[in-house]
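Here is the structure we will look at, set down as C-alpha cells.
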Amino acid sequence: MERTNIADLKNKFGQPVKIQGWLQTLRDQKRMQFLVVRDPTGAVQIVNEREHDPELAARISALTTESALTITGTPIENPIVKLGGLEMQLESLDVNNLAQSPLPFEPFGDTLPELDYRLDWRYMDLRRPVNALLFRIETAVVRAMREYWQKNNFVEMHSPKLMGSPSESGAELFTVEYFERKAYLSQSPQFYKQMAMAAGFERIFEIGPVFRADPSFTSRHMTEFTGVDVEFSWIESHQDVIAFHENWLRYIYQAIKDEFGPVIQEHFGKELVVPEVPFPQVTMAEAYAILKEQDYKLPPERKGDIDPGGERLLGDYIKKKYNHEYVFVTDWPISVRPFYHMRHPDKPELTRSFDLIGAGLEVTTGAQREHRYDVLARQAQEKGLGLETIQFYLDFFKYGCPSHGGFGMGLSRLLMIMLGLPNIREAVYLFRGPTRLHP
RNA sequence: GGGGGCGUGGUGUAGUGGCUUAACAUGCGGCCCUGUCAAGGCCGAGACCGCGGGUUCAAAUCCCGUCGCUCCCGCCA
C-alpha cells in the first residue's frame, strides 16, 4: 500500500490507508488506546479498542514516544476529536524503530532545554515542526534566489574551498594539511568570483561554504557558514549592485510570502513584509550624523565603522522614519574596507561600497571592485599586502577585465532577519563555532 | 582575545550561611480510572547542588582556582 501523508487523510475517509511517522503521544487506557502520530505534514489521532485485538493492544502498550511507526487503518470523520476533527481506526502496526526511553529530552515538552543542549541532540530538536518549517523556508529562499538569477542570465559557480595561499588577511584562515604542504580553507570566494569576470562570464553566483577562523562568541557568528555570493560585470558604480540586490531580495521575499506568509506568522509570530524598492540608503557620514543626533556614543578609537549597537539603533531609526526593515549603508572609508573596493574618484578616502543591514543585523557586504591593474596594485600596497602572494589575482586584471561589482550575503543571517530568530544557531542545520564541532 | 552573568535529579526551575532528610514542574517506572485529547489520581525511582581547594561550629549558598555554557565588545556574513 502506498503511503498517505497525514495532511491528506481528510480526503480518504472510509478508505484503508498507510501512514508513517513518529509516536508523539500514547494515551493507553483500559478499554481504548489513543496514539498521536506525526509526520512532516501533520499529526493525527489513531484509535484502537483493546478487545478488538488484544495482541495488538499489548504491542501498543509497549511503545515509547518518538518511536518510528508504520500504521495502516481507516480514517474517519469525528467532530469530537480536537486534533482536526478526524481520527484513524487502527488496523496494523509495524515498529520501524523503537525509541529508547527516556529520551534525551522531550521535543514536545512544556519547557525546552536550552539551545546548547538541544544542539547536542540536534536530530531530536529538528523533529519540532517549527524547525522542519525553517528548513523548508530556507529551501524556498534558495530556490527563489536561483529563479531570479536564471531569469537574469547568471551562471552558477562552484569555486574551490581549498586554497594554496591566504587570500585577503590571513589572520582568520583555517590551515589544513595538504600532502606535503599547507593549504587554507576559503574564507571567501571573492577572488574566484572576480576571476569569472576576467573570464567573461559577466554574471555569476555561488552558494557555498565559507570558513572563518575567528573566535567569535556571539549569536550571529559561525566558523563555517553558507555564503551567498554574486558578481557581475559592466557596471557603472556600486549603485548598480545595490539596485540588483534590492530587486533580488524583494523577489525572494515575495516568493516566501506567497508560499509561507501565514505559517510564518503562526509559527514565528512575524508578519513577513515584502521590502519595497528602492531600499533606504544612507552614507556612512550620514549614518554617523544620525547616530550622533540620537546621542549614541560611538567607540572613539575606531572612527569610520559602526559597532553592532550603532547598527541596531540605525535600523530602528530607519524603521521609524521609512517603515523599512532594511537599509544600505554606503561610502565606507577606505580604512575599514579591503584594497579591492573601488574608491570614489572625487572622494578618494571613501569606497564605492555598501553594507546591507536588516533589522539591525549586518547581512551583506558589497562594492564595485577596482578593475584597473595599476590602481589595484597600488591600493594593495597601501594596505601593506605583499604583491607576490596576490599576483595570481592581480593578473586577472591584465588582459581585458570589465568593470564589475558584487556582494556576499550570509544565508543564515537572512533567515534570522526574515523569521525574527534571536540566534544564528537556530537558523542553521548544524552550527559550527569555536567550541562546537559536534554533531 | 577582553568584560559581565550562570552552572542544583534526564530536562526546566526554586532554594543564595543553620528552618534542607535539597523543593516544584515535567519526563521515567508501577498501579487505578476514564472516548482520551496540555487527560486525571495514587505510589516510586532519580541530584554527594560542574570540578578542585579554602573560610566557618555549620557551605548548594561566602572566597580562590579551574572547566563548561551564555550574553556583550572586538571581528565579520
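A quick note: this is a predicted structure, and the numbers were derived from the prediction, not measured. The figures here come from the full heavy-atom set of this structure, side chains too, leaving out hydrogens, waters and symmetry mates. Letters A, B, ... mirror the listed sequences (proteins, then strands); counts begin at 1.
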Original post:
When the C1' atoms of B/A45 and B/G9 are considered, how many whole Å apart are they?
Top reply: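 Going atom to atom, C1' in each nucleotide, I get 10 Å.
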Subject >> Interatomic distance at P, B/A38 relative to B/C19, whole Å >> reply: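 After rounding to an integer number of Å, I get 41 Å for this pair.
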N/O to N/O distances under 3.5 Å, protein versus nucleotides 39-41 of chain B:
| from | atom 1 | to | atom 2 | distance (Å) |
| --- | --- | --- | --- | --- |
| B/A39 | OP2 | A/R27 | NH1 | 2.6 |

Subject >> Closest-nucleotide 5' rank along RNA chain B - winner of A/L119 and A/T218 >> reply: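 Looking at RNA chain B, the more 5' nearest nucleotide goes with A/L119.
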Original post:
If you find the nucleotide of RNA chain B closest to A/T435 and the one closest to A/E362, which residue's nucleotide is nearer the 5' end?
Top reply: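 Final value for this comparison: A/T435.
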Hey, is [X] close enough to [Y] for a salt bridge, meaning N to O under 4.0 Å?
| X | Y | value |
| --- | --- | --- |
| A/E382 | A/R343 | yes |
| A/E231 | A/R369 | yes |
| A/R127 | A/E66 | yes |

Original post:
Does A/S216 make a side-chain donor-acceptor contact with the base of B/C75, cut-off 3.5 Å?
Top reply: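 Indeed, a donor on one side and an acceptor on the other fall under 3.5 Å apart.
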Original post:
For the base of B/C76, is there a side-chain donor-acceptor partner from A/R413 under 3.5 Å away?
Top reply: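 Yes, a donor-acceptor pair under 3.5 Å.
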Original post:
Would A/F232 and A/H404 count as a close aromatic pair, with their ring centres under 6.0 Å?
Top reply: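 No, they do not, as the ring centres are separated by 6.0 Å or more.
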Original post:
Are A/F244 and A/Y148 an aromatic pair by the rule of ring centers under 6.0 Å?
Top reply: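 Yes, the ring of A/F244 comes within the 6.0 Å limit of the ring of A/Y148, centre to centre.
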Hey, does [X] reach any base, or is it just sugar-phosphate, or nothing, if we go heavy atoms under 4.0 Å?
| X | value |
| --- | --- |
| A/R425 | sugar-phosphate |
| A/R312 | sugar-phosphate |
| A/D229 | nothing |
| A/G408 | sugar-phosphate |

Original post:
Nearest-Å distance, CD (A/Q24) to P (B/U26)?
Top reply: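 Between P of B/U26 and CD of A/Q24: 18 Å.
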Original post:
Rounded to whole angstroms, how far apart are CD on A/Q187 and P on B/A77?
Top reply: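 After rounding, the reported distance stands at 9 Å.
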Original post:
Heavy-atom contacts under 4.0 Å between residues 77-89 of chain A and RNA chain B, which residues?
Top reply: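 The answer is A/N78, A/I80, A/V81, A/K82, A/E87.
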Original post:
Do any of residues 51-66 of chain A sit with a heavy atom less than 4.0 Å from RNA chain B, and if so which?
Top reply: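 Those residues: none at all.
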N/O-N/O pairs, protein side and nucleotides 7-11 of chain B side, under 3.5 Å:
| from | atom 1 | to | atom 2 | distance (Å) |
| --- | --- | --- | --- | --- |
| B/G10 | O2' | A/P104 | O | 3.3 |

Original post:
What stems, by residue range, does RNA chain B take part in, given at least 3 consecutive Watson-Crick or G-U pairs under 3.5 Å?
Top reply: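 RNA chain B forms these stems: B:1-7 with B:67-73, B:10-13 with B:23-26, B:28-32 with B:40-44, B:50-54 with B:62-66.
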Original post:
Out of B/C75, B/C71, B/A77, which nucleotide sits closest to the side chain of A/S219?
Top reply: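 The nucleotide sitting nearest to the side chain is B/C71.
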Original post:
Of all residues at least two apart in sequence or in a different chain, which pass the ring-ring contact (aromatic ring centres under 6.0 Å, His included) check with A/H245?
Top reply: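 Per chain and number, A/H245 pairs via ring-ring contact (aromatic ring centres under 6.0 Å, His included) with A/W248, A/F328, A/F407.
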**OP:** Check whether any side-chain nitrogen or oxygen of A/T365 sits under 4.0 Å from OP1 or OP2 of B/A77, and answer yes or no.
**Re:**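 Yes, A/T365 has a side-chain N/O under 4.0 Å of OP1/OP2 on B/A77.
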